[in-house]
**Q** 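Once you've had a glance at the structure underneath, I'll fire off some questions.
Note: hydrogens, waters and symmetry copies are ignored here, and every other heavy atom, side chains too, is used. Naming convention: chains lettered A, B, ... in sequence-line order (proteins, then strands); numbering from 1 in each chain.
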There are 2 protein chains.
Amino acid sequence: MELLNDMALFVEVVKANSFSRAAEALDMPNSTLSRRISLLEKEIGLRLLHRTTRRLELTEAGQIYFERSKRIVEEARLAHEQLGEMVAQPTGTLRVSMPVDFATTYVAPLLPRFATLYPGLAFEFDLTPRNVDLVAEPFDLAIRMAKPESPNLIARVIARVSAELYAAPEYLARDGIPAHPAELEGRQCLTMHTLASWALYSGSEAFEAKVGSRFACNSVAMIRRLTTLGMGIAFLPERVVAEDLQAGRLVSILSAWRGHPSSVYAVTETRLLPAKTQRFIEFLQEELRSE
Amino acid sequence: MELLNDMALFVEVVKANSFSRAAEALDMPNSTLSRRISLLEKEIGLRLLHRTTRRLELTEAGQIYFERSKRIVEEARLAHEQLGEMVAQPTGTLRVSMPVDFATTYVAPLLPRFATLYPGLAFEFDLTPRNVDLVAEPFDLAIRMAKPESPNLIARVIARVSAELYAAPEYLARDGIPAHPAELEGRQCLTMHTLASWALYSGSEAFEAKVGSRFACNSVAMIRRLTTLGMGIAFLPERVVAEDLQAGRLVSILSAWRGHPSSVYAVTETRLLPAKTQRFIEFLQEELRSE
DNA sequence: GCCGATATTGCCATATACGGAATAATCAAT
DNA sequence: ATTGATTATTCCGTATATGGCAATATCGGC
């Protein structure tokens with residue numbers, strides 16, 4: 001189907017009823033236009049228009065071809081316009097995969113605003129902890145706490161979060177309040193893995209505490225819950241425990257120290273994104289910048 | 001609309017569900033195919049398919065685009081097939097302009113066969129003596145007794161006719177039977193123009209007779225009629241007067257001499273002819289070859 | 001008959017697209 | 001885990017098409 005483009009040129013020539021005007025409308029040299037139409041005719045094997053310098057007349061074949069072609073070209077234009085809409089205007093369903101804790105803590109509070117901003121958008125959130133396959137599964141976007149190693153994926157930083165140290169008053173009453181990160185190493189530190197190191201800094205001072213506890217779990221929600229139950233010390237972003245702080249279930253400790261900020265990434269499979277995805281990423285970046 | 005061709009390629013890729021198979025089906029290198037699809041996506045601004053080396057999956061945009069594109073491409077294929085039909089199979093109406101005398105004498109007897117050969121064809125004959133404008137008027141074909149001077153027109157020889165000399169027995173009884181072309185010059189010779197020369201030859205002998213008469217007319221039918229009425233000598237192809245010879249209204253004179261064969265041309269505006277025109281020209285050439 | 005408009009053709013420098021091979025990457029099988 | 005086969009992509013030299021300009025031819029109106 002090598003002659004589809006020429007078909008569009010032909011339609012333009014017929015509509016303009018002139019090669020030179022069509023060339024102008026198409027913004028191409030009339031020499032090219034003339035040559036292309038001639039080639040089209042040679043390819044088809046039929047003359048499409050009788051031409052004199054003054055007049056253009058469709059041949060019988062040209063009339064038939066024009067009637068069909070103009071519809072085809074018009075439909076193609078509509079198809080591209082529709083895709084253009086997708087680029088310009090968020091529509092359809094936005095499918096996002098992200099960690100459940102990030103979703104509930106950071107994304108959920110923003111959703112009402114974003115959803116009212118684009119009433120046409122629907123949402124599907126997948127909060128399973130697994131790393132979804134952005135290629136095989138129909139996700140527009142994944143939010144990851146670490147940069148993906150695959151070079152094919154596009155990762156944009158949408159937030160930078162840093163953890164701080166928290167514990168329940170009961171726990172502190174029992175084990176005492178540490179005065180320096182070094183003192184963490186003997187304590188019950190609720191970590192994601194059985195062995196971990198918490199990199200802390202205070203001003204220009206840095207300290208890496210090798211920590212651990214009898215409880216390790218890969219769920220922030222669980223760590224938080226255990227902490228409020230007085231099981232140990234947690235190293236979490238403030239936003240995660242904001243409610244607990246307000247309610248007095250947790251208090252900040254070693255508040256001069258904090259973790260190094262780590263990035264949260266919006267990961268996509270390509271840069272050629274529909275508007276819904278682009279707007280969502282931009283929105284998250286904007287709203288989470290302060291974190 | 002620079003991306004119509006690529007649209008067809010995209011459809012093929014989706015249908016084949018593979019770049020390499022699509023490339024094979026399209027008979028093009030897969031490098032080109034891959035590049036074109038990538039450019040299409042870049043042009044549109046959206047990724048159309050997620051691809052790994054093993055699997056192809058349509059994006060949401062790709063699905064929408066495919067649904068529309070496949071219809072468009074299919075319609076285009078149909079359009080071209082329809083034109084292909086016009087090239088291969090005579091259909092529609094064949095519009096021919098030709099001299100009335102040629103039409104009645106030579107073409108008419110052949111028409112029944114040609115018409116039964118192609119039942120789908122209709123005919124429109126314009127027998128006005130004027131030279132029709134093949135460009136401005138919807139004629140597929142003109143038959144001319146002389147080669148057109150315009151170099152833009154395509155002329156094919158469909159017949160070669162040579163005239164011979166005939167007269168009515170009454171005329172010969174009155175004026176005598178000429179024994180040599182030189183004797184023509186004093187006689188009543190019914191010509192198209194007031195002044196004419198009849199170029200005759202017999203074997204290797206040639207003679208150009210400057211002839212004329214009191215009657216000149218630009219109609220073969222009229223000349224024939226006048227001849228049968230004994231008004232003079234006519235210089236016409238045998239076929240024109242065949243009936244008169246059979247009926248004894250005319251007899252051949254100086255039958256060793258005949259005119260130089262002159263060509264009859266089928267004239268078209270282009271070589272890119274629909275089947276109906278091509279078949280008609282071929283048919284005439286075939287049937288009139290013996291003349 | 002002349003003049004302006006217009007399609008076509010030719011030319012050539014340049015840009016673009018192509019084609020083939022190499023590369024990278026994925027998935028299945030062992 | 002590793003290998004191997006399959007497949008999309010990338011690279012790069014080359015071929016092709018384009019664009020701009022001018023010349024040509026021709027039409028149609030004055």
**Q** So how far is it from A:Leu94 CG to A:Leu141 CG, rounded to the nearest 0.5 Å?
**A**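 Rounded to the nearest 0.5 Å, the CG-CG separation comes to 6.5 Å.
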**Q** B:Glu41 vs B:Arg51, test: salt bridge (Lys or Arg N to Asp or Glu O under 4.0 Å). Steps then yes/no.
**A** CA-CA 13 Å; B:Glu41 289 177 324; B:Arg51 28 203 190 280; 2.8 Å; yes
**Q** Calculate the interatomic distance between A:Leu56 atom CG and C:dA7 atom P; express it in whole Å.
**A**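 Between P of C:dA7 and CG of A:Leu56: 6 Å.
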**Q** Taking CG from A:Leu40 and C1' from D:dA17, how many angstroms apart are they, rounded to a whole number?
**A**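 Taking CG of A:Leu40 and C1' of D:dA17, I get 16 Å after rounding.
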**Q** Rounded to the nearest angstrom, tell me the gap between atom CZ in A:Phe19 and atom P in C:dA7.
**A**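 The distance from CZ of A:Phe19 to P of C:dA7 comes to 7 Å, rounded to the nearest Å.
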**Q** Nearest-Å distance, CZ (B:Arg47) to C1' (D:dA8)?
**A**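 It works out to 11 Å between those atoms.
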**Q** Examine C:dA7: is either OP1 or OP2 under 4.0 Å from a nitrogen or oxygen in the side chain of A:Ser20? Give yes or no.
**A**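 Result: yes.
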**Q** Rounded to the Å, how far apart are A:Leu33 CG and C:dT9 P?
**A**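 Distance check: A:Leu33 CG to C:dT9 P gives 13 Å.
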**Q** For A:Glu282, enumerate each residue passing the salt bridge (Lys or Arg N to Asp or Glu O under 4.0 Å) test, keeping only those at least two apart in sequence or located in another chain.
**A**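 Listed in chain order: A:Arg279.
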**Q** Can a salt bridge be assigned to the pair B:Arg77 and B:Glu75 using a cut-off of 4.0 Å between side-chain N and carboxylate O?
**A**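 The answer is no: the pair does not qualify as a salt bridge.
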**Q** Ignoring hydrogens and angles, write down the donor-acceptor pairs under 3.5 Å from the side chains of residues 8-28 of chain A, residues two or more places apart or on other chains.
**A**
residue : atom : partner : partner atom : Å
A:Ser18 : OG   : A:Ser20 : N            : 3.2
A:Ser18 : OG   : A:Ser20 : OG           : 3.1
A:Ser18 : OG   : A:Arg21 : N            : 3.0
A:Arg21 : NE   : A:Ala16 : O            : 3.3
A:Arg21 : NH2  : A:Ala16 : O            : 3.1

**Q** When the distance from CG of B:Asn17 to C1' of D:dA8 is rounded to whole Å, what number comes out?
**A**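 After rounding, the gap between these two atoms is 13 Å.
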**Q** Mind calculating the distance between CG (A:Asn5) and P (D:dT16) to the nearest angstrom?
**A**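 A:Asn5 atom CG is separated from D:dT16 atom P by 20 Å.
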**Q** Is B:Ser18 close enough to D:dA8 that one of its side-chain N or O atoms is under 4.0 Å from OP1 or OP2 there?
**A**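 Checking B:Ser18 against D:dA8: at least one side-chain N or O falls below 4.0 Å of OP1 or OP2.
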**Q** Looking at A:Arg95 and A:Asp126, is there a salt bridge between them, counting it only when a charged N and a carboxylate O are closer than 4.0 Å?
**A**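 A salt bridge is absent here (no side-chain N lies under 4.0 Å from a carboxylate O).
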**Q** In the 5'-to-3' direction, what one-character label does each nucleotide of nucleotides 13-26 of chain C receive under the scheme B = base within less than 4.0 Å of a protein heavy atom, S = sugar-phosphate only, - = no such atom?
**A** ----SBBBB---BB
**Q** Please state how far atom CD in A:Glu43 lies from atom P in D:dA17, giving the value in whole angstrom units.
**A**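 Taking atom P of D:dA17 as the reference, CD of A:Glu43 is at 12 Å.
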